[in-house]
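As structure tokens, the structure follows; a few thoughts come after it.
Position 1 is the first residue of the sequence; numbering continues from there. A quick note: this is a predicted structure, and the numbers were derived from the prediction, not measured. When reading the values below, keep in mind they use all heavy atoms of this one structure, side chains included, and skip hydrogens, waters and symmetry mates.
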Amino acid sequence: MSGLYIFCIPENPTPLKVTFKLIPMVLIIIYAFQFCNTKPKPTQWFILSGLFICMLGDGLIAGSFIFGLAAFLVGHLFYLFGFTRVWKFSKPRFAMFILILGYSFLISNELVNAIVENGNSKLVIPVIAYVIVISLMAWSAIMTGNKWAIGGSILFVLSDSILSWNMFVSNVPQSSLLIMSTYYTAQFLIAHSLGTLLNNSSK
């Protein structure tokens with residue numbers, strides 16, 4: 001279904017485009033539920049809620065960038081809360097914060113400069129807030145030590161980096177393909193992480 005959306009569905013009419021954009025996320029959420037017991041634990045509820053709110057963001061962003069951005073920010077907060085409940089501390093994983101911080105600083109600096117130059121200064125604070133939250137989300141996923149959560153979070157950062165760069169800095173060739181393929185894969189991996197995320201944890 002994600003391949004159908006990426007390669008076959010035209011940009012117009014918009015309602016059709018949005019509908020087919022949401023279908024893969026609905027399927028991913030259903031897939032995630034199979035890893036939950038009849039009474040999902042808090043970590044599972046956080047991840048499931050994040051998936052659902054991100055799906056809302058997929059729909060909202062078609063009409064309003066700010067509303068869509070806000071929805072994804074909240075979705076990342078739910079992922080963050082879910083991941084932090086199952087941290088498995090290690091110094092190498094903890095040190096990854098430095099790399100994430102460096103990457104976040106570099107890309108946010110480019111984005112802010114481009115946004116200001118384009119006369120969209122009102123977007124500076126929302127974009128910075130989003131970069132901070134998604135960076136913390138990625139770091140919290142790394143701290144779980146779960147390969148699926150880590151892969152999903154990194155691909156999410158990559159997808160949003162391409163999207164924001166293409167929107168504010170300069171055109172990225174095949175941007176739509178790159179953005180959506182990494183996005184759907186990221187969400188699937190995060191959903192799949194529910195199968196092993198609670199291993200050795202009662203949370």
Look only at the side chain of [X] and the backbone of [Y], and say whether a donor-acceptor pair between them is shorter than 3.5 Å.
X: N166; Y: I162; result: no
X: Q44; Y: F35; result: yes
X: T84; Y: L80; result: yes
X: S2; Y: P24; result: no
X: N118; Y: A114; result: yes
X: E110; Y: I107; result: no

Could you grab the distance from atom [atom1] of [X] to atom [atom2] of [Y], nearest 0.5 Å is fine?
X: M167; Y: D160; atom1: CE; atom2: CG; value: 10.0 Å
X: L106; Y: S161; atom1: CG; atom2: OG; value: 11.0 Å
X: M25; Y: I28; atom1: CE; atom2: CD1; value: 5.0 Å
X: S49; Y: F81; atom1: OG; atom2: CZ; value: 11.0 Å

Within-4.5 Å side-chain heavy-atom neighbours: [X] and [Y]:
X: L178; Y: L163; answer: no
X: V112; Y: F168; answer: no
X: L101; Y: S135; answer: no
X: F83; Y: L197; answer: yes
X: N109; Y: N113; answer: yes
X: K88; Y: M143; answer: no
X: V157; Y: Y103; answer: yes
X: L136; Y: F97; answer: yes

What are the two closest heavy atoms between [X] and [Y], and how far apart are they?
X: L22; Y: G59; value: CD2-N, 3.8 Å
X: K41; Y: L198; value: CD-CD1, 3.9 Å
X: A149; Y: S193; value: N-CB, 3.6 Å
X: S181; Y: T185; value: O-OG1, 2.7 Å
X: A186; Y: G152; value: CB-O, 3.2 Å

Do other residues, nucleotides or ligands put more than 12 heavy atoms under 6.0 Å from [X] [atom1]?
X: F67; atom1: CZ; result: no
X: Q34; atom1: CD; result: yes
X: I125; atom1: CD1; result: no

- Message: Could you check, using the six-membered ring where one of them is a Trp, whether Y31 and F188 have ring centers closer than 6.0 angstrom?
- Response: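 Yes, the ring of Y31 comes within the 6.0 Å limit of the ring of F188, centre to centre.
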- prompt: Strictly under 6.0 Å, is that where the ring centroids of F94 and W139 end up?
  reply: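 Yes - the distance between ring centres of F94 and W139 falls below the 6.0 Å cut-off.
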- What pairs with K147 under salt bridge (Lys or Arg N to Asp or Glu O under 4.0 Å), at least two apart in sequence or on another chain?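 Here no residue qualifies.
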Q.
Tell me whether I128 shares a hydrophobic cluster with F105, the cluster being built from Ile, Leu, Val, Met, Phe, Trp, Tyr side chains joined at under 4.5 Å.
A.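 They do not share one cluster, since no chain of ILVMFWY contacts under 4.5 Å joins I128 to F105.
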- Message: Is there a path of hydrophobic side-chain contacts, each under 4.5 Å between heavy atoms of I/L/V/M/F/W/Y residues, joining F89 to I98?
- Response: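 Different clusters.
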| So which pairs with a foot in residues 140-164 pass ring-ring contact (aromatic ring centres under 6.0 Å, His included), sequence neighbours left out? |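 Residue pairs passing ring-ring contact (aromatic ring centres under 6.0 Å, His included), neighbours aside: H76-F156, W148-H192, F156-Y183.
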- Give the intermediate values and the outcome of ring pair (Phe, Tyr, Trp, His ring centres under 6.0 Å) for residues W45 and F78. CA-CA 9 Å; W45 275 122; F78 275 94; over 10 Å; no
| message | Tell me whether the NZ or CZ atom of K17 lies within the 45° cone about the ring axis of Y5 and under 6.0 Å from its centre. | response |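 Checked: cation-pi criterion met.
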Could you go step by step and tell me if W87 and T144 meet the side-chain hydrogen bond (donor to acceptor under 3.5 Å, both in side chains) rule? CA-CA 4 Å; W87 271 18; T144 67; over 6 Å; no
